[in-house]
Amino acid sequence: MSLLSAGGTTLSIVSQVLSAIALITALLPINQTVALIVFIILVLIYVFFGGDISLGYMGILKAVLMAIGFLACGVVAYLFMGKSLYYLPKDPNFNIFAGGVWKNLSQVISLSFGIITGQNYTSALITRKTYKESKKL
């Protein structure tokens, strides 16, 4: 398990660093080197204030903020679109199986497997304060 976790963590870190640099350079008028330094400082602050131990609380906060954001965006979109929403064709806009039942089900299974076995979710099982606590799960 630890070898798979280390491999998943390594791939996850590379993708997170690349996307963080792109995001920071898009939001702030700085070059990529300065964005990398900003990212390193943010990671050090994260580790200093709890790291993976506080991951669960941040996940809850992120889920609540995302739900509020999605709800707000849905309300704003509906208010701006009004009745024009009814003129959109049913396929593919309102049909979850528009690409075919088996194709879409395989995508759902693949996504579910990726979420369940993902590094961020398995790290919650791995990073307990003591070995005894991790065995309770």
Side-chain angles (χ1 to χ4, degrees):
M1 172 94 167
S2 61
L3 185 61
L4 291 175
S5 179
T9 301
T10 303
L11 294 174
S12 176
I13 288 172
V14 171
S15 66
Q16 289 176 9
V17 169
L18 292 175
S19 62
I21 290 172
L23 180 66
I24 292 170
T25 55
L27 294 176
L28 302 173
I30 57 177
N31 64 17
Q32 292 178 342
T33 305
V34 177
L36 178 62
I37 293 169
V38 169
F39 177 72
I40 290 171
I41 291 170
L42 289 173
V43 168
L44 289 175
I45 290 170
Y46 172 75
V47 170
F48 180 73
F49 286 110
D52 276 346
I53 302 298
S54 62
L55 186 65
Y57 298 116
M58 292 306 293
I60 293 169
L61 177 65
K62 183 172 70 171
V64 169
L65 290 175
M66 285 176 56
I68 291 170
F70 287 145
L71 182 66
C73 288
V75 168
V76 168
Y78 183 76
L79 291 175
F80 280 110
M81 289 188 73
K83 295 286 185 183
S84 64
L85 186 65
Y86 297 108
Y87 298 113
L88 291 174
K90 182 182 178 201
D91 289 330
N93 297 318
F94 300 106
N95 185 358
I96 61 172
F97 296 117
V101 174
W102 294 113
K103 180 181 178 186
N104 289 64
L105 280 178
S106 67
Q107 291 172 348
V108 168
I109 292 169
S110 174
L111 176 67
S112 302
F113 184 73
I115 289 172
I116 292 169
T117 60
Q119 178 265 334
N120 292 334
Y121 295 94
T122 57
S123 68
L125 300 174
I126 297 168
T127 56
R128 295 289 182 194
K129 290 184 180 180
T130 64
Y131 179 75
K132 192 175 187 179
E133 284 185 23
S134 67
K135 293 299 279 183
K136 290 180 184 177
L137 297 173

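Only heavy atoms go into these numbers, but all of them, side chains included; no hydrogens, no water, no symmetry mates. We number each residue from 1, following the sequence as shown.
- Take Leu65 and apply the side-chain contact (heavy atoms from CB on, under 4.5 Å) test, not counting sequence neighbours, and it matches Leu61.
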Check residues 21-34 and write down every donor-acceptor pair under 3.5 Å in which the side-chain atom is one partner and the other belongs to a residue at least two apart or another chain.
residue : atom : partner : partner atom : Å
Thr25   : OG1  : Ile21   : O            : 2.9
Thr25   : OG1  : Ala22   : O            : 3.0
Asn31   : OD1  : Thr33   : N            : 3.3
Asn31   : OD1  : Val34   : N            : 2.9

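- For Asn104, the side-chain hydrogen bond (donor to acceptor under 3.5 Å, both in side chains) test picks out no residue, with sequence neighbours left out.
- In this structure, the side chain of Ser106 engages the main chain of Trp102 through a donor-acceptor pair within 3.5 Å.
- When hydrophobic clusters are built by joining Ile, Leu, Val, Met, Phe, Trp and Tyr residues whose side-chain heavy atoms come closer than 4.5 Å, directly or via intermediates, Phe70 is not grouped with Leu79.
- One hydrophobic cluster, built from ILVMFWY side chains closer than 4.5 Å, cannot hold both Val76 and Leu71; they sit in different ones.
- There is a path of hydrophobic side-chain contacts, each under 4.5 Å, that joins Leu44 to Leu36.
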